[in-house]
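For reference, the structure is listed below as structure tokens.
In what follows, chains are A, B, ... by sequence order, proteins preceding strands, each numbered from 1. Fair warning: this is a prediction, and the values are worked out from it, not measured in the lab.
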2 protein chains.
Amino acid sequence: MRNIQVTPGAATLLALLAAHGALSRTDLAKHSGLTQGAVTKALRPLLDEGYVHELATEPGRVRAVGRPSTPIELRADREDVLGIKLTDDTAIGVLTDLRAEVRHSAELPLPSPDVPEVVGVVARLARILLERRDSEGIPVAGDRARRLGLAVSGDVDRTRGLVRYSPFLRWRDVPLADLVAAATGLSVTVENDVKSLACKELLTGAGAGLRSFAVVTIGAGIGCSLVVEGTLVAGAFGVAGELGHLVVDRAGPACHCGSRGCVEATASTAAIEHALASATGTQGLSVLDGARLAADGDEAAARCLTDAGDAIGTALAAVANLFGPQRIVVTGEGLDAGPLIPAAARERFQRQAFATAARCELEFRPMPLLGWAAGAAAVAVQNAFRPTNRTASSSTVRTRRSDEALQVRQAVQ
Amino acid sequence: MRNIQVTPGAATLLALLAAHGALSRTDLAKHSGLTQGAVTKALRPLLDEGYVHELATEPGRVRAVGRPSTPIELRADREDVLGIKLTDDTAIGVLTDLRAEVRHSAELPLPSPDVPEVVGVVARLARILLERRDSEGIPVAGDRARRLGLAVSGDVDRTRGLVRYSPFLRWRDVPLADLVAAATGLSVTVENDVKSLACKELLTGAGAGLRSFAVVTIGAGIGCSLVVEGTLVAGAFGVAGELGHLVVDRAGPACHCGSRGCVEATASTAAIEHALASATGTQGLSVLDGARLAADGDEAAARCLTDAGDAIGTALAAVANLFGPQRIVVTGEGLDAGPLIPAAARERFQRQAFATAARCELEFRPMPLLGWAAGAAAVAVQNAFRPTNRTASSSTVRTRRSDEALQVRQAVQ
DNA sequence: GGGATTACTTTCCCAGATCAAGTTTTTGTC
DNA sequence: GACAAAAACTTGATCTGGGAAAGTAATCCC
């Protein structure tokens with residue numbers, strides 16, 4: 001954050017305020033584990049720089065006795081943040097506030113996966129987003145955006161800003177963050193798209209304040225990203241949350257991964273469309289068409305959708321049994337097709353979730369494509385709220401160390 | 001640890017030394033992320049109290065130039081630690097050193113799951129373990145054991161020392177740690193048995209120094225415990241790692257949990273025995289009998305074992321795809337039955353692990369029952385190596401806070 | 001106005017690190 | 001055999017974030 005030294009305490013408070021809305025200093029102390037004094041101290045620079053502000057004493061308080069508390073609120077408009085999601089043929093960008101709420105959006109086609117070209121399009125899109133904000137006279141409370149989050153499907157090394165492998169773009173080891181930073185002058189983060197979504201949920205959404213939750217996306221593929229004890233699971237080899245290739249039915253349809261009966265081979269958009277074609281005998285039906293047919297009483301079409309939901313339910317139960325998350329958010333384009341899929345998934349989940357794991361809440365929530373870009377912005381925000389560690393800049397030695405060091409330190413707790 | 005104030009730095013170093021063996025101060029600095037100065041300082045009280053010692057300069061060093069380094073080694077014999085595993089009918093106890101390596105063991109029957117009686121047996125077993133050490137003249141370098149770890153299957157709240165639910169003992173909300181502490185005067189920890197095993201692996205075993213790994217046990221049940229980014233996954237509702245009820249084959253045998261085709265319904269000891277009985281027509285065959293038959297060319301018996309291995313392979317692939325651990329250790333009594341199960345599991349795993357998740361190493365390792373008790377001891381050791389936080393004793397307010405506070409603080413990173 | 005009660009501030013202090021400049025112990029070279 | 005070079009460790013000054021506890025502020029109630 002500009003002009004500001006984010007201490008660990010301040011970072012905690014910012015995250016709390018983003019997640020909970022306004023909180024009094026006393027409440028902040030309670031939730032953060034800091035003392036009141038520490039909260040006062042940590043808040044001062046944030047107030048000075050305009051990252052938070054005091055609200056009027058809340059009028060409708062219950063206990064009338066004692067000094068009324070002063071709610072502190074994050075000034076989400078203090079800084080703008082950009083988020084861009086790359087698909088195989090489009091770059092979708094949003095300009096958001098510090099809570100990763102979308103203020104406006106724009107979109108550019110990606111003519112080819114050629115790296116310099118993509119970087120150029122991203123830079124152009126960033127400029128468009130910023131200029132449009134200016135031209136539309138959107139009130140600017142604080143700084144023009146200096147941060148840009150990128151979301152890409154595939155294997156991403158967030159700490160290095162490296163796209164290790166992207167099947168859609170056919171990239172390997174592209175240092176995307178550096179390239180885009182050089183082209184735009186912004187501070188750039190890159191993260192896997194599903195993990196970005198989880199970041200958004202962690203920051204202000206369904207995961208705010210939860211120990212552990214999961215985000216599952218259904219659409220062209222089946223994605224999953226897991227937050228355990230507040231940490232996003234990364235996977236030792238870059239793979240984690242590969243829920244799409246969980247085998248739910250050994251006798252199920254063949255999957256492109258070589259296995260049989262993967263969730264993705266039953267519940268991805270393409271798989272449902274394929275099933276619809278063979279079940280109804282009509283080619284070229286979309287999932288929405290199928291939903292419409294099902295609503296009109298077509299049992300075969302309905303069957304295709306409930307089969308998909310059923311597979312998803314099994315997958316959700318597997319996640320719940322292994323992790324015991326408090327909540328699973330299911331989202332993505334695949335949810336636009338009405339209630340059949342969620343209903344079937346819920347039912348199957350209840351049957352297969354073991355013991356108390358069944359208490360895990362399922363939240364089905366359709367999401368526009370923009371949501372992916374907002375996720376990208378959330379990663380950038382999260383980066384802004386991270387404690388600025390003085391030592392990071394001190395020497396290469398420390399940077400080299402930090403990887404293993406962090407791991408060891410965490411292991412101790 | 002007695003007479004000693006474990007600072008965070010010291011805790012990190014102890015964990016490193018337990019995992020890596022001897023390391024020079026410089027290496028410790030590199031691995032811990034501390035500066036050399038901090039290492040020197042943190043090591044001093046540990047040296048003074050005899051928890052670590054300096055070794056002679058290593059002779060076979062390569063670069064001959066410069067001052068040779070002094071390796072520091074954990075003095076594992078500085079303290080004894082007790083570990084006891086409770087099954088439905090037996091208490092198995094071990095006395096170990098600070099690396100949770102077994103020095104000797106003892107065992108007592110548990111006539112009933114009656115709580116006071118169990119507590120009594122545990123106390124007696126602890127006394128026996130300590131006395132036998134004395135009577136056998138085992139050299140005592142340091143302190144007599146003051147820590148006891150307990151391992152129980154089921155849902156355990158380690159921070160409160162509470163057995164929330166144990167199906168085998170038919171317990172609910174038993175404050176076991178407090179009861180045993182009162183009966184023995186020892187500092188007592190309680191943890192789920194499979195998680196205890198993971199602690200041992202994390203401390204000195206296959207998981208030492210790994211970001212993420214999993215321990216899967218096969219035997220009477222199928223257990224699993226996950227370490228992600230150095231943290232043991234707990235599960236929001238006490239359930240996590242319920243691998244046993246992952247559905248691997250919807251058309252598979254019915255499971256006692258009400259579902260069909262769970263891993264446990266195919267690969268637990270009872271399930272294999274059941275399958276053997278129906279496949280061979282002979283009642284009362286044990287898994288070992290089945291393995292012998294298979295070795296003698298009985299295809300039906302072999303089939304039962306490979307089916308079990310196959311189910312386990314699917315389960316392992318699910319774990320690898322979801323978490324991307326660096327390694328999965330498969331252990332437990334179920335591995336005593338020869339190579340058929342591991343072979344089948346490996347094969348299935350390779351087919352179903354997605355992309356780089358297949359690089360996850362599988363380690364199959366039979367384990368004596370004592371291993372469970374050693375795991376319990378590892379939890380006690382881990383507790384000894386934890387930073388002693390001064391504030392914990394300060395007030396109830398802080399304790400009440402700490403739960404949510406910790407969560408928020410971690411979320412920030 | 002004077003408690004009672006709650007919210008927040010201030011001050012002082014301390015543990016645990018870092019930083020940077022030593023010191024020690026070795027090898028290699030002239 | 002003195003001396004540079006190199007690596008491993010020590011030392012001490014200093015910084016930083018946060019804790020403890022006493023002080024101040026704002027409100028209600030009598």
Verify the contact: side-chain N or O of [X] to OP1 or OP2 of [N], cut-off strictly under 4.0 Å; return yes or no.
X	N	value
A:Thr40	C:dT9	yes
B:Ser69	D:dA7	no
A:Arg44	D:dG17	no
B:Thr70	D:dC9	yes
A:Thr26	C:dC8	yes

(request) Kindly write out the residues that satisfy side-chain hydrogen bond (donor to acceptor under 3.5 Å, both in side chains) with A:Arg99, not counting sequence neighbours, or none if the list is empty. (result)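 For A:Arg99 there are no side-chain hydrogen bond (donor to acceptor under 3.5 Å, both in side chains) partners, ignoring immediate neighbours.
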(request) With sequence neighbours excluded, tell me which residues meet side-chain hydrogen bond (donor to acceptor under 3.5 Å, both in side chains) with B:Glu54. (result)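 Result, side-chain hydrogen bond (donor to acceptor under 3.5 Å, both in side chains) vs B:Glu54: B:Arg25.
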Given atom [atom1] of [X] and atom [atom2] of [N], what is their separation to the nearest angstrom?
X	N	atom1	atom2	value
B:Asp27	D:dA7	CG	C1'	12 Å
B:Lys30	D:dA8	NZ	P	6 Å
A:Leu43	D:dG17	CG	C1'	15 Å
A:Leu13	D:dG17	CG	C1'	13 Å
B:Gln36	D:dT11	CD	P	13 Å
B:Leu55	D:dC9	CG	P	12 Å
B:Leu47	D:dT10	CG	C1'	13 Å

(message) Any side-chain to backbone donor/acceptor pair from B:Arg78 onto B:Glu49? Under 3.5 Å, distance only.
(response)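 Here the side-chain-to-backbone pair exists.
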Check the interface with nucleotides 22-25 of chain C: list each N/O to N/O pair with the protein under 3.5 Å, or write none.
residue, atom, partner, partner atom, Å
C:dT24, O2, B:Arg67, NH1, 3.1
C:dT25, O2, B:Arg67, N, 3.3

(request) Just grab all the salt bridge (Lys or Arg N to Asp or Glu O under 4.0 Å) pairs involving residues 32-46 of chain B, residues at least two apart or on different chains. (result)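 Checked against salt bridge (Lys or Arg N to Asp or Glu O under 4.0 Å) - neighbours excluded - no pair reaches residues 32-46 of chain B.
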(message) Measuring from the side chain of B:Thr7 (C-beta onward, heavy atoms only), which nucleotide among D:dG17, C:dC8, C:dG16 has the closest atom?
(response)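 Taking heavy atoms from C-beta onward, the closest nucleotide is C:dG16.
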(request) Measure from the side chain of A:Thr35, starting at C-beta and using heavy atoms only, and say which of C:dC8, D:dA20, C:dA17 lies closest. (result)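 Nearest listed nucleotide: D:dA20.
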(message) Using heavy-atom distances to pick each residue's nearest nucleotide on DNA chain D, tell me which of B:Glu54 and A:Ala10 is more 5'.
(response)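 On the 5' side of the pair lies B:Glu54.
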(message) For C:dT18, does the base pair up with any side-chain atom of B:Lys41 as donor and acceptor (N or O, under 3.5 Å, distance only)?
(response)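 Flag set: donor-acceptor pair detected.
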(message) Using the side-chain contact (heavy atoms from CB on, under 4.5 Å) criterion, which residues pair with A:Ala236? Sequence neighbours excluded.
(response)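 side-chain contact (heavy atoms from CB on, under 4.5 Å) check on A:Ala236 returns B:Ser212, B:Gln326.
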(message) My understanding is that only residues two or more places apart in sequence, or in another chain, count here; which of them pass side-chain contact (heavy atoms from CB on, under 4.5 Å) with B:Ser225?
(response)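 Per chain and number, B:Ser225 pairs via side-chain contact (heavy atoms from CB on, under 4.5 Å) with B:Val194, B:Lys195, B:Ala198, B:Leu232.
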(request) State, with a plain yes or no, whether a side-chain heavy atom of A:Glu201 is found less than 4.5 Å away from one of A:Arg327. (result)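 A side-chain contact is absent here, since even the closest heavy-atom pair is not under 4.5 Å.
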(request) Using a 4.0 Å heavy-atom cut-off across all strands, classify B:Gly37 as base, sugar-phosphate, or nothing. (result)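 Base: the residue B:Gly37, judged by heavy atoms under 4.0 Å, touches a nucleobase.
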